[in-house]
Amino acid sequence: EMNFHDIKKCMQFADVRHIIAMNSPRLDIIDGKECIVVHGNENDPENLVSIWSDNEKQVSMLISYFQKLWDHSVPAAERMSLLAETIKNT
């Protein structure tokens with residue numbers, strides 16, 4: 001509920017999707033040639049792990065992983081509608 005407004009703004013220019021993934025790392029893929037994987041709580045920098053790579057095989061593997069996550073996600077609007085209905089009924 002707290003970030004509905006931000007997500008709606010992003011949906012104006014991007015395809016935003018939702019997946020329930022516990023402890024999933026943040027994935028950044030840059031031009032299909034570089035990747036950054038960030039794991040941990042970004043509000044706790046002492047326990048944050050970031051890995052950057054331009055290794056072709058690692059980037060390819062991360063692109064495949066991202067695509068699997070994307071394929072199993074749902075449109076953010078769909079998830080937001082469900083959450084809004086749940087909140088309304090509580």
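What's counted below: heavy atoms across the whole structure, side chains too, no hydrogens, waters or symmetry copies. Position 1 is the first residue of the sequence; numbering continues from there.
Following chains of ILVMFWY side-chain contacts shorter than 4.5 Å, one cannot reach L69 starting from V74, and the two form parts of different hydrophobic clusters. If you chain together hydrophobic residues whose side chains sit under 4.5 Å apart, V59 and F66 fall into the same group.
Taking the side chain as every heavy atom from C-beta outward, R17 and P75 approach each other to under 4.5 Å. Within the 4.5 Å cutoff, the side chain of N41 has no heavy atoms near those of the N47 side chain.
Closest of all the heavy-atom pairs between D54 and E34 is CB-CG, 4.1 Å. The nearest pair of heavy atoms linking G32 to I63 is CA-CD1, 4.1 Å.
The side chain to side chain donor-acceptor pair (under 3.5 Å) check on D15 picks up nothing, with sequence neighbours excluded. The side-chain contact (heavy atoms from CB on, under 4.5 Å) test applied to H72 returns I19, not counting sequence neighbours.
Heavy atoms from other residues, nucleotides or ligands lying under 6.0 Å from CD of Q67 number more than 12.
Taking CG from L62 and CG from D28, the interatomic distance works out to 9.0 Å, rounded to the nearest 0.5 Å. To the nearest 0.5 angstrom, C35 atom SG is 7.5 Å from M61 atom CE. Here the straight-line distance linking atom NZ of K33 with atom CD of E56 works out to 10.5 Å at 0.5 Å rounding. Taken from NZ in K8 to CE in M80, the straight-line distance is 5.0 Å, to the nearest 0.5 Å.
The closest donor-acceptor contact from the side chain of S73 to the backbone of W70 lies under 3.5 Å.
Considering I29, I51, I30 in turn, I30 is the only one that fulfils the side chain to side chain contact (heavy atoms under 4.5 Å, CB included) rule with I36.
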